[in-house]
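Presented below is the structure to which this report refers.
Atoms considered below: every heavy atom in the structure, side chains included; atoms not considered: hydrogens, waters and symmetry mates.
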Amino acid sequence: EFRRVLFRSVDNDPAAMTVRELCALTGRSEATTTRRLRTLIEAGRVVCVRIPWTRIDGARTHVPAYKLTGGLNEIIAD
């Protein structure tokens, strides 16, 4: 039962990105990216999910990632 609940809480959506991935994509700092994400989350336009991740030591874990909830055109317009 625990594994089923855990699996449901993990998102395999390839559109979900970590803060580091967003920083690399946008060229913005972690602080700026985090502030923008917080604003978008409060507006209901981005959700935080957990995605599978392999650490440097090979251990599998789940890390926070962010994905859009609505239309991409609304976000781009900002």
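Taken to the nearest 0.5 Å, the CG atom of Leu25 stands 4.5 Å off from the CE atom of Met17. Taken from CZ in Arg36 to CG in Leu22, the straight-line distance is 11.5 Å, to the nearest 0.5 Å. With values rounded to the nearest 0.5 angstrom, Thr54 atom OG1 is found 3.5 Å from Arg60 atom CZ.
Residues Arg28 and Thr33 have side chains that never bring a donor and an acceptor to within less than 3.5 angstrom of each other.
Proximity of Tyr66 to Ile41: side-chain heavy atoms (C-beta onward) are separated by under 4.5 Å at one or more points. Residues Val47 and Lys67 meet the side-chain proximity criterion, which asks for heavy atoms closer than 4.5 Å.
Here the side chain of Arg50 pairs a donor or acceptor atom with the backbone of His62 at under 3.5 angstrom.
Nearest approach of Ile51 to Ala16, heavy atoms of both residues: CG2-CB, 4.0 Å. Summarising the geometry of Val63 relative to Thr18, their closest heavy-atom pair is CG2-CG2, 4.1 Å, with the distance given to 0.1 Å.
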Next on the checklist: side chain to side chain donor-acceptor pair (under 3.5 Å) for Thr61 and Arg55? Distances and angles first, verdict last.
Outcome noted: CA-CA 7 Å; Thr61 188; Arg55 296 186 325 206; 5.4 Å; no
